[in-house]
Amino acid sequence: MGEWNTIPELVRWSAGRYADTEAVAEGRTRVTYAELGARVERAAAACLASGLETGDRVAVWAPNSLDWIVSALGAVTAGAVLVPLNTRFKGAEAADVLRRSGARLLFVTGTFLGTSYVAGLRRAAGEAESGSPDGRGPLPRLPDLEQVVVLSEDAPPDFRTWKDFLAGGEGVAEAEVRDRSAELEGRSVSDIIYTSGTTGRPKGAVITHEQTLRAYEIWSDLAGLRPTDRYLIVNPFFHTFGYKAGVIACLMRGATMIPQPVFNVDTALANIAAERVSVLPGPPTLHQSLLDHPSRDTHDLSALRLVVTGAAVVPLRLVERLRGELGVDTVLTAYGLSEASGIVTMCRRGDAPTVIASTSGRAIPGTEVRLADASGTPVPTGTPGEVLVRGFNVMRGYYDDAEATSEVISPDGWLSTGDVGVLDEAGDLRITDRIKDMFIVGGFNAYPAEIEQLLGVHPDVADAAVIGVPDPRLGEVAKAFVVRRPGATLTSDDLIAWSRREMANYKVPRSVEFVGELPRNASGKVVKGVLRGRERLH
């Protein structure tokens with residue numbers, strides 16, 4: 001690896017190596033790498049002053065911003081384990097992850113997209129239940145959570161503002177922060193990325209500093225990221241693609257980060273032109289919407305040179321249009337999952353457009369990929385099988401869940417991804433299906449079991465099954481088949497409106513079909529194939 005074994009070492013190295021280079025451009029705020037390093041040290045000092053210990057979990061629930069970068073890297077520099085929370089979560093979903101991760105400190109945005117995250121969290125976790133623990137912190141239902149810091153200029157009385165939090169660290173000596181960071185090793189845990197599995201409840205993939213740094217040094221090399229690059233980070237920081245292929249990769253290469261909190265095509269076009277953006281990773285829907293925007297030609301997009309995409313089938317036409325119409329030199333596709341540090345395979349620069357469009361590339365160095373049938377027996381080239389991965393990038397396990405870990409990681413280290421793919425003679429991987437029934441809504445993984453569990457909370461729902469159905473804009477969206485409770489008069493509009501209040505937008509069913517009963521097999525499992533067949537007949 002480079003001259004660093006941990007993320008704090010990387011932050012300090014980049015602050016020296018790229019000192020005068022612009023690190024973050026956020027509107028009128030411009031921060032050099034030296035200044036970013038100083039801000040991260042200040043945030044780390046504040047974490048120490050607040051009583052944070054090495055290995056404590058710190059959550060960040062906020063959109064892409066300079067404050068996210070500083071608070072997250074500050075916590076990690078203070079020896080903490082980062083737990084990023086999905087900004088699409090509602091209060092109850094966030095509280096569940098905070099509770100199970102045992103987070104001691106939370107950095108949360110103020111109001112974002114008209115929603116008060118603080119109010120949502122307080123509703124979900126703010127009232128003490130009889131017999132609950134002593135509630136040392138501001139949210140009695142989350143007894144481990146001792147402090148909530150609001151990343152804005154004002155905060156409720158029992159929470160702290162970002163400014164007050166930082167001021168608390170002013171008495172902490174620089175040497176103290178250095179000593180704390182020095183307790184970390186490459187093997188130390190850097191973050192826990194919560195991802196959903198077949199059980200529907202998010203599980204925390206435990207990843208170390210050395211895994212993160214090795215994986216994204218490889219990513220940066222294969223992508224060809226350069227110190228002169230200006231990188232529009234639209235992928236959310238709570239996701240490996242945004243945080244690690246974004247922030248961590250830029251720290252390694254001295255590229256300028258331009259965080260964009262929400263994907264809006266007009267804002268993206270304006271940013272690309274005004275900031276001379278050269279690097280734009282993201283899901284295919286992002287690039288498609290840029291190409292198809294009616295006023296695209298009024299913006300100067302000539303600086304764009306590198307696009308990395310994945311997470312769905314990439315039409316060959318999209319690759320050709322990015323190269324032909326926008327003059328993008330390098331278009332690459334990749335495949336990864338949180339349980340494998342976010343990266344498993346990637347195309348190489350110089351691959352033919354057909355390879356980039358039809359596959360997710362070859363295994364990255366230090367990683368093996370093989371395909372197996374249901375019994376675990378390897379299948380021949382060209383035959384579909386479950387994608388198995390082994391290498392440095394495979395997670396330590398699911399946090400506090402040995403049983404779930406043993407279900408997906410074999411004794412000899414192979415991770416079962418739950419994805420079905422085909423390998424060709426050259427070793428390029430094409431993902432064809434998902435054993436887990438997962439589908440992708442505009443770049444976000446949606447898990448039917450999780451949505452079904454949430455729908456089951458509704459008092460008028462007796463039973464529910466969810467499948468992904470095609471959608472021209474988002475790729476796929478959820479459709480729910482619902483059995484009403486006897487006497488209930490629930491309508492599809494009622495249930496969709498309720499879902500919008502109770503779950504992240506990408507999970508919300510866009511259509512509901514009421515049925516007398518769900519088709520089940522002998523063991524009682526819902527037969528999703530029957531539901532998909534019924535949908536195709538419509």
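Here the side chains of Leu251 and Tyr33 are in contact, with some heavy-atom distance below 4.5 Å. Two residues are said to be in side-chain contact when any heavy atoms from C-beta on lie closer than 4.5 Å; Asp494 and Asp460 fail this criterion. Looking at Arg99 and Leu142, their side chains come closer than 4.5 Å, going by heavy atoms from C-beta outward. The closest side-chain heavy-atom distance from Val83 to Tyr399 is not below 4.5 Å. Counting heavy atoms from C-beta outward, Ile343 and Tyr216 have side chains that approach closer than 4.5 Å. The shortest distance between side-chain heavy atoms of Pro509 and Leu495 does not fall below 4.5 Å. Residues Phe112 and Val262 have side chains in contact (heavy-atom distance under 4.5 Å, counting atoms from C-beta outward). Using a 4.5 Å heavy-atom threshold, the side chains of Leu306 and Val279 count as touching.
Residue pairs meeting the ring-ring contact (aromatic ring centres under 6.0 Å, His included) criterion with at least one member in residues 242-265, sequence neighbours excluded, are Trp68-Tyr243. Here salt bridge (Lys or Arg N to Asp or Glu O under 4.0 Å) pairs that include residues 254-267, with residues two or more places apart or in two chains, number zero. Screening residues 75-91 for salt bridge (Lys or Arg N to Asp or Glu O under 4.0 Å) gives no qualifying pairs among residues at least two apart or on separate chains. The list of salt bridge (Lys or Arg N to Asp or Glu O under 4.0 Å) pairs with a residue in residues 276-289, not counting sequence neighbours, reads Arg276-Asp300. Sorted by first and then second residue, the ring-ring contact (aromatic ring centres under 6.0 Å, His included) pairs involving residues 74-108 (not counting sequence neighbours) are Phe107-Trp162, Phe107-Phe165. Applying the salt bridge (Lys or Arg N to Asp or Glu O under 4.0 Å) test to every pair with at least one member in residues 63-81, sequence neighbours left out, gives no pairs at all.
Across Val308 and His287, no two heavy atoms sit closer than the pair O-CE1, 4.2 Å. Gly168 and Arg160 make their closest contact through CA-NH2, 4.4 Å (heavy atoms, listed as atom of the first residue, atom of the second, distance). Nearest heavy atoms, Ala46 versus Leu166: CB-CA, 3.9 Å. Of all heavy-atom pairs spanning Val11 and Gly37, the tightest one is CG1-CA, 4.3 Å. Contact detail for Thr77 and Pro8: the closest heavy-atom pair is CA-CG, 3.6 Å. The minimum heavy-atom distance linking Pro156 with Val118 is given by the pair CG-CG1, 3.8 Å.
To the nearest 0.5 Å, atom CD1 of residue Ile272 and atom NE2 of residue His299 are 9.0 Å apart.
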For Ser278 and Asp229, what are the C-alpha separation, side-chain angles and deciding distance, and is it a side chain to side chain donor-acceptor pair (under 3.5 Å)? CA-CA 6 Å; Ser278 57; Asp229 276 324; 2.7 Å; yes
Is there a side chain to side chain donor-acceptor pair (under 3.5 Å) between Arg214 and Ser341 once you walk through the steps? CA-CA 10 Å; Arg214 185 172 171 187; Ser341 305; over 6 Å; no
Determine whether Asn86 and Tyr506 satisfy the following criterion, side chain to side chain donor-acceptor pair (under 3.5 Å), listing intermediate values before the conclusion. CA-CA 11 Å; Asn86 189 326; Tyr506 66 90; 3.3 Å; yes
Output, in order, the C-alpha distance, side-chain angles, deciding distance and verdict of side chain to side chain contact (heavy atoms under 4.5 Å, CB included) for Tyr18 and Leu36. CA-CA 11 Å; Tyr18 306 115; Leu36 179 63; over 6 Å; no
So Ser499 and Leu455, side chain to side chain contact (heavy atoms under 4.5 Å, CB included) or not? Walk me through it. CA-CA 7 Å; Ser499 298; Leu455 290 173; 3.6 Å; yes
Go through the steps for Lys244 and Asp191 under the test salt bridge (Lys or Arg N to Asp or Glu O under 4.0 Å), then give the verdict. CA-CA 11 Å; Lys244 296 186 182 180; Asp191 45 82; 2.9 Å; yes
Quick one, Lys203 with Asp401, criterion salt bridge (Lys or Arg N to Asp or Glu O under 4.0 Å). Give me CA distance, side-chain angles, the key distance, then yes/no. CA-CA 8 Å; Lys203 294 193 286 286; Asp401 197 340; over 6 Å; no
Given side chain to side chain donor-acceptor pair (under 3.5 Å), test Glu403 with Tyr398 step by step and report yes or no. CA-CA 9 Å; Glu403 188 182 340; Tyr398 289 123; over 6 Å; no
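Remark: Arg30 CZ is packed, more than 12 non-hydrogen atoms of other residues, nucleotides or ligands lying under 6.0 Å away. Other residues, nucleotides and ligands place more than 12 heavy atoms under 6.0 Å from the CD atom of Glu183.
Residues meeting the side chain to side chain donor-acceptor pair (under 3.5 Å) test with Arg230, sequence neighbours left out: Glu22, Glu275. Evaluation of the side chain to side chain donor-acceptor pair (under 3.5 Å) rule for Ser338 yields no partner, not counting sequence neighbours. Under the side-chain contact (heavy atoms from CB on, under 4.5 Å) criterion, Ala270 pairs with no residue, sequence neighbours left out. Residues passing the side-chain contact (heavy atoms from CB on, under 4.5 Å) test with Arg39 are Val31, Leu66, Val70, sequence neighbours excluded. The side-chain contact (heavy atoms from CB on, under 4.5 Å) check on Ala340 picks up Leu337, Val344, Asn393, Leu415, with sequence neighbours excluded. Take Asn235 and apply the side-chain contact (heavy atoms from CB on, under 4.5 Å) test, not counting sequence neighbours, and it matches Phe241, Pro281, Pro283.
Judged by distance alone, with hydrogens and angles left aside, the side-chain atoms of Arg396 form a donor-acceptor pair with the main-chain N or O of Arg187 at under 3.5 Å. Between the side chain of Thr309 and the backbone N or O of Gly282 there is at least one donor-acceptor pair closer than 3.5 Å. Panel note: side chain Gln211, backbone Ile207; no donor-acceptor pair is recorded below 3.5 Å. Judged purely by atom type and a 3.5 angstrom limit, Arg57 uses its side chain to pair as donor or acceptor with the backbone of Gly55. For the pair Tyr117 (side chain) and Thr87 (backbone), a donor-acceptor distance under 3.5 Å is present. Formation of a donor-acceptor pair under 3.5 Å by the Asn64 side chain with backbone atoms of Phe237 is found in this model. Side-chain atoms of Arg104 do not come within 3.5 Å of backbone N or O of Asp56 as any donor-acceptor pair.
Judged by distance alone, the side chains of Thr29 and Glu26 never bring a donor and an acceptor atom under 3.5 Å apart.
For the side chain to side chain contact (heavy atoms under 4.5 Å, CB included) test with Val389, the passing option among Thr417, Asp419, Ile409 is Thr417; the others fail. Residue Lys507 forms a salt bridge (charged side-chain N to carboxylate O under 4.0 Å, His left out) with just one option from Glu502, Glu452, Glu93, and that option is Glu93. The salt bridge (charged side-chain N to carboxylate O under 4.0 Å, His left out) test with Arg42 is passed by exactly one of Glu35, Glu170, Glu174: Glu170.
Relative to the six-membered ring of Tyr194, Arg100 misses at least one condition, a distance below 6.0 Å or an angle of at most 45° to the axis.
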